[in-house]
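Sequence lines set the chain letters: A, B, ... in the order given, protein chains first and strands last, and positions in each chain run from 1.
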Amino acid sequence: MSEGHELVRQRQANLEALRRLGVDVYPRTYARTDAIAVLAARHGPQTAAELEEARPEAATAGRILAIRSFGKANFLVLSDGVGRIQAYIRQDALSERDFAVFKLLDFGDFVGVRGRVFRTKTNELTIWVSSLTFLSKCLHPLPEKWHGLQDVEIRYRQRYLDLAVNPESRRVFEVRSRAIAGFRRFLDARGFLEVETPMMQPIAGGALARPFVTHHNALDMTLYLRIAPELYLKRLTVGGIERVYEINRNFRNEGISTQHNPEFTMLEFYQAYADYRDLMAETEEMLASVARDAIGSDTCTFGGETISLAAPYRRVSLREAVREAAARRLGVSVAPDELRDGARAAALAARLGVAYPDGAGAGKITTAIFEALCEDTLVQPTFVYDFPTEVSPLSKQRSDDPDTVERFELYIGRFEVANAFSELNDPAEQRARFEAQLAERARGDAEAHAMDEDYLRALEHGMPPAGGEGVGIDRFVMLLTGAPSIRDVILFPLMRPQAD
RNA sequence: GGGCCGGUAGCUCAGUGGUAGAGCAUCGCACUUUUAAUGCGGUGGUCGUGGGUUCGAUCCCCACCCGGCUCACCA
């Protein structure tokens with residue numbers, strides 16, 4: 001025990017007193033007939049008179065969230081994490097020993113109670129306790145009942161406290177769990193096979209981001225935590241798994257923000273004989289379906305704005321969006337050509353005051369302008385499609401326009417939720433794209449894609465035409481729950497070690 | 001990494017260059033249907049850490065630690 005605090009000493013003293021009474025203070029189990037939430041659901045509809053008639057008996061268990069004492073009559077509020085129920089402790093209804101145990105209870109302890117279910121004068125569903133069993137001790141004081149736990153640092157570092165006292169936090173993670181189940185249900189029903197691909201990869205590919213680096217001792221080799229499962233899932237389409245998906249963690253060694261955690265959860269799925277247009281339709285259907293599974297509605301509230309996740313979603317091409325936003329900003333029309341030529345795009349960015357990386361071509365500059373001017377305006381679900389080839393090394397080009405790939409990003413609530421494209425399956429073109437990325441890397445772009453000969457060899461064996469998509473699960477759960485920070489939807493977000 | 005804001009009792013928060021405050025929790029007493037129970041009386045603090053200025057610092061200054069927001073980067 002790290003603390004010699006008075007409040008901790010008092011609780012330890014109560015624990016010792018229980019031991020002196022002969023109580024097993026950490027018993028192995030408790031024979032409850034029902035969880036609290038089950039009791040609350042079963043008897044919730046019953047009136048006081050109906051309960052008097054039926055006189056149902058039950059044994060249940062949970063954490064004490066409140067003690068209201070009147071001397072010989074007392075009330076406990078018990079929680080099983082989902083539901084709450086009141087227990088009525090009358091001195092004359094319990095054995096002397098059980099009542100002595102009750103007197104030694106602290107806010108936060110776990111107990112089991114057995115007795116008759118009834119309603120009090122104030123109509124509160126209550127267990128009239130005839131037998132009380134001590135189950136576990138809470139040695140630290142819990143946060144207070146009015147405000148719960150507000151301090152976000154403690155909520156993130158000691159999530160168990162947040163979950164124990166803040167019901168809305170519990171709800172967030174229930175929604176998250178139902179959403180993930182909803183994605184699986186949707187994909188499974190359409191014949192997708194769920195797989196697991198390497199988290200440790202010799203080449204961190206499939207996205208443009210800086211990886212975490214680690215080392216395998218026995219093989220004496222550098223490994224990278226994956227930034228995406230993409231290239232492995234596409235190898236599986238080469239192997240004939242026509243519909244495949246993975247829901248798992250990605251790791252990116254980038255900044256932390258309300259929308260970025262170094263490890264985050266992504267759904268990626270690949271579908272043979274589909275292109276990015278097919279995926280748009282499928283995505284609309286999937287997100288609305290998952291929302292209904294998770295929150296019972298395809299409408300959510302995020303940042304004070306109501307968002308409809310029902311199909312269809314708005315569609316706008318990236319260059320159209322950029323030209324429109326730039327024209328509005330500058331008050332003059334912007335010609336399509338201005339986004340096709342490096343020098344003209346650079347001049348446009350300069351006029352707009354938009355910064356872009358050194359050596360950027362027209363594609364990168366256009367994307368930079370999009371992020372600066374457009375991203376923040378996309379509240380309702382919007383497919384932004386047709387990206388510059390320059391920024392999309394794994395996507396298939398449009399047949400009528402080699403500078404453009406068949407790719408979309410889905411924006412909701414002012415951030416990117418999904419990214420999808422018609423997959424580049426031509427090994428010669430893929431090699432050329434990798435070589436272009438190597439040139440970027442040579443110019444100092446640490447996030448440029450590495451050459452991956454093993455992946456190229458897979459493509460050389462023939463990959464069917466396919467569409468693939470990644471969906472940021474954490475961000476989607478933020479939308480569903482209205483959480484302002486990604487840390488609110490990740491149970492244990494990364495934190496610096498606490499100073500001693 | 002830059003900028004801004006914050007760290008005071010277990011929790012939620014006030015506050016001041018001159019011995020540190022409230023509510024809840026906690027302890028004691030009373031109370032056999034309360035639910036933010038009530039009434040009365042107590043306990044509880046190296047005011048994030050380390051320096052500096054000052055007769056005196058929780059307060060002013062500097063550095064550092066942790067967190068939040070934001071910008072940059074990304075999803």
> Does the base of G68(B) carry an N or O that pairs as donor and acceptor with the side chain of E153(A) under 3.5 Å?
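By the distance-only test, no, there is no pair.
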> Show me the dot-bracket string of RNA chain B, counting Watson-Crick or G-U pairs under 3.5 Å, with | for pairs to another strand and [ ] for crossing ones.
(((((((..((((....[..)))).(((((.......))))).....(((((..]....))))))))))))....
> Give, ordered by number, those residues of residues 365-372 of chain A having at least one heavy-atom distance below 4.0 Å to an atom of RNA chain B; if nothing qualifies, reply none.
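Within this stretch, nothing sits under 4.0 Å of the strand.
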> Give a yes or no on whether R114(A) atom CZ has more than 12 heavy-atom contacts from other residues, nucleotides or ligands under 6.0 Å away.
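Not buried by this count: 12 neighbours or fewer within 6.0 Å.
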> What pairs meet the salt bridge (Lys or Arg N to Asp or Glu O under 4.0 Å) rule with one or both residues in residues 50-59 of chain A, with sequence neighbours excluded?
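Of all non-adjacent pairs touching residues 50-59 of chain A, those that pass salt bridge (Lys or Arg N to Asp or Glu O under 4.0 Å) are E52(A)-R55(A), E52(A)-R116(A).
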> Which parts of residues 36-66 of chain A get close to RNA chain B, meaning a heavy atom less than 4.0 angstrom away?
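By residue number: none to list.
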> Using the side chain to side chain contact (heavy atoms under 4.5 Å, CB included) criterion, which residues pair with E371(A)? Sequence neighbours excluded.
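Side chain to side chain contact (heavy atoms under 4.5 Å, CB included) list for E371(A), sorted by chain: T367(A), E375(A).
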> Listing request: all side-chain hydrogen bond (donor to acceptor under 3.5 Å, both in side chains) pairs with a residue in residues 410-420 of chain A, at least two apart in sequence or in separate chains.
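The answer is E305(A)-R414(A), R407(A)-N419(A), E409(A)-Y411(A).
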> Scan for side-chain hydrogen bond (donor to acceptor under 3.5 Å, both in side chains) pairs involving residues 63-73 of chain A, sequence neighbours excluded, and state none if there are none.
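For residues 63-73 of chain A: R68(A)-Q86(A), S69(A)-N74(A).
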> Is the shortest side-chain N to carboxylate O distance from D474(A) to R176(A) below 4.0 Å?
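Yes, charged N to carboxylate O under 4.0 Å.
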> Compute whether any side-chain donor of one residue and acceptor of the other, for Q46(A) and H43(A), lie under 3.5 angstrom apart.
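Yes, H43(A) and Q46(A) have a side-chain donor paired with an acceptor closer than 3.5 Å.
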> Filter on salt bridge (Lys or Arg N to Asp or Glu O under 4.0 Å), then keep only pairs touching residues 348-357 of chain A, sequence neighbours left out; what's left?
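Qualifying pairs, neighbours excluded: E338(A)-R351(A).
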> Give every pair of a protein N or O atom and an N or O atom of nucleotides 7-9 of chain B that lie under 3.5 Å apart, one pair per line with the distance.
none

> What pairs with Y356(A) under ring pair (Phe, Tyr, Trp, His ring centres under 6.0 Å), at least two apart in sequence or on another chain?
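If we apply the ring pair (Phe, Tyr, Trp, His ring centres under 6.0 Å) test to Y356(A), skipping adjacent residues, there are no hits.
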> Have a look at N261(A) and say if it touches a base, only the backbone sugar-phosphate, or nothing, with a 4.0 Å heavy-atom cut-off.
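Counting heavy atoms under 4.0 Å across all strands, the contact made by N261(A) includes a base.
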> Any side-chain N or O of R496(A) below 4.0 angstrom from OP1/OP2 of C66(B)?
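R496(A) to C66(B) OP1/OP2: side-chain N or O found under 4.0 Å.
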> Under 3.5 Å, is there a donor-acceptor pair linking the side chains of E268(A) and Y270(A)?
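Yes, a side-chain donor-acceptor pair sits under 3.5 Å.
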> Which side-chain hydrogen bond (donor to acceptor under 3.5 Å, both in side chains) pairs, counting each pair once, include a residue from residues 483-492 of chain A, with sequence neighbours left out?
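Listed once each, the pairs are Y156(A)-D488(A).
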> Using nucleotides 39-41 of chain B, report all nitrogen or oxygen pairs with the protein that are shorter than 3.5 Å.
none

> At 4.0 Å (heavy atoms only), tell me whether Y156(A) reaches a base, stays on the sugar-phosphate, or touches nothing.
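Touches sugar-phosphate only.
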> F102(A) and F99(A): aromatic ring centres closer than 6.0 Å?
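Judged by ring-centre distance (under 6.0 Å), F102(A) and F99(A) do meet the cut-off.
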